[in-house]
Amino acid sequence: QVQLVESGGGSVQAGGSLSLSCAVSGRTYSVYFMGWFRQAPGKEREGVAGIDRRGHKTYYTDSVKGRFTIFQDNDKNTMYLQLNSLKPEDTAIYYCAARDDWTVSYDDTWQKMSLVKYWGQGTQVTVSS
């Protein structure tokens, strides 16, 4: 089993920054890919950013490219998401996600929720205009 515990989030004005972290415990060696998803009120959950833990390749949805940065600290078994230049449309609950499926490339599947094995509890990000 793998446990994911998120921290960070909060409220900020448009243009501001926030940091999210996700601590991984348990069978951490079985986690090959991690990501951040978000769900806004009345909308479907969507993949925001992802990272291949083996080689650190990163993925971003178009709406956050250049503003969000995903990175990890393997020594601390922690994944981070730095959110800069926040917009009101970034308001959502952000979820940490982990996958234990090994594959050559996550290029085509990094946003697929059906492949996520573990979820964090979610943390609220609110951006006011």
Side-chain angles (χ1 to χ4, degrees):
Q1 279 291 74
V2 171
Q3 293 79 41
L4 306 176
V5 178
E6 300 155 358
S7 59
S11 297
V12 67
Q13 288 191 327
S17 298
L18 287 172
S19 297
L20 307 181
S21 62
C22 176
V24 187
S25 62
R27 299 177 63 179
T28 59
Y29 58 87
S30 69
V31 175
Y32 297 105
F33 188 88
M34 294 192 68
W36 290 94
F37 288 72
R38 67 184 179 187
Q39 187 164 19
K43 294 188 177 181
E44 293 187 352
R45 193 173 298 189
E46 64 168 346
V48 176
I51 185 166
D52 184 337
R53 284 169 55 91
R54 304 164 302 180
H56 300 247
K57 184 175 182 179
T58 57
Y59 303 85
Y60 298 94
T61 194
D62 287 346
S63 63
V64 307
K65 284 180 180 177
R67 300 189 298 121
F68 291 9
T69 303
I70 187 171
F71 58 100
Q72 63 182 357
D73 183 337
N74 283 340
D75 289 341
K76 295 182 179 179
N77 277 315
T78 303
M79 178 185 64
Y80 304 88
L81 186 67
Q82 178 65 35
L83 300 80
N84 296 330
S85 302
L86 281 161
K87 304 175 181 180
E89 51 264 43
D90 294 319
T91 295
I93 299 176
Y94 284 70
Y95 296 90
C96 174
R99 290 172 51 174
D100 62 359
D101 58 308
W102 191 99
T103 183
V104 173
S105 170
Y106 296 97
D107 290 1
D108 297 327
T109 67
W110 74 271
Q111 291 175 298
K112 288 189 177 296
M113 287 188 294
S114 60
L115 297 177
V116 173
K117 182 73 174 290
Y118 305 101
W119 291 97
Q121 77 280 8
T123 185
Q124 178 71 46
V125 170
T126 302
V127 185
S128 58
S129 57

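All values derive from a computational prediction rather than experimental measurement. Basis for what follows: all heavy atoms, side chains included, without hydrogens, waters or symmetry-related copies. Residue indices begin at 1 and follow the sequence shown.
The number of heavy atoms from other shown groups lying within 6.0 Å of CD (Gln121) is above 12.
Of all heavy-atom pairs spanning Ser21 and Thr78, the tightest one is CB-CG2, 4.1 Å. In plain terms, the two heavy atoms of Asp100 and Lys117 that are nearest each other are OD2-NZ, 2.9 Å. Heavy-atom minimum distance, Val12 versus Gly16: CG2-CA, 3.7 Å. The minimum heavy-atom distance between Leu81 and Trp36, with the atom names listed, is CB-NE1, 3.4 Å. The minimum heavy-atom distance linking Met34 with Cys96 is given by the pair CE-SG, 3.6 Å. Across Ala14 and Pro88, no two heavy atoms sit closer than the pair CB-CD, 4.1 Å.
Here OG of Ser19 is found 7.5 Å from CG of Asn84. Values are rounded to the nearest 0.5 Å. Going from atom CH2 of Trp102 over to atom CZ of Arg54 covers 5.5 Å, rounded to the nearest 0.5 Å. Rounding to the nearest 0.5 Å places CG of Leu20 at 8.5 Å from CD of Gln82. The OH atom of Tyr118 lies 8.5 Å from the CD atom of Gln3; values are rounded to the nearest 0.5 Å. We find the SG-CH2 distance between Cys22 and Trp119 to be 11.0 Å, quoted to the nearest 0.5 Å. Here the OG-NZ distance, from Ser63 to Lys87, works out to 7.5 Å after rounding to the nearest 0.5 Å.
Contact check for Phe37 versus Val116: side-chain heavy atoms found under the 4.5 Å cut-off. For the pair Arg53 and Asn77, the minimum side-chain heavy-atom distance is below 4.5 Å. Counting only heavy atoms from C-beta outward, the side chains of Ser25 and Val5 never approach each other to under 4.5 Å. The shortest side-chain heavy-atom distance between Met79 and Val24 does not fall under the 4.5 Å cut-off. Side-chain atoms of Trp110 and Leu115, non-hydrogen and from C-beta on, never get closer than 4.5 Å to each other. Leu18 has its side chain within reach of Val125: a pair of non-hydrogen atoms, C-beta onward, lies under 4.5 Å apart. Put simply, the side chain of Leu86 reaches to within 4.5 Å of the side chain of Phe68, judged on heavy atoms.
Although no hydrogens or angles enter the test, the distance criterion places a donor-acceptor pair under 3.5 Å between the side chain of Thr91 and the main chain of Val127. At least one donor-acceptor pair under 3.5 Å links the side chain of Glu6 to the backbone N or O of Gly122.
Between the side chains of Gln13 and Ser128, no donor-acceptor pair of N or O atoms lies under 3.5 Å. Side-chain contact of Asp52 with Tyr59: a donor-acceptor pair under 3.5 Å is absent, judged by distance alone. At a cut-off of 3.5 Å, with distance as the only test, a side-chain donor of Tyr94 or Arg38 sits close to an acceptor on the other residue.
Salt bridge present: Asp90 and Arg67 bring a charged side-chain N and a carboxylate O closer than 4.0 Å.
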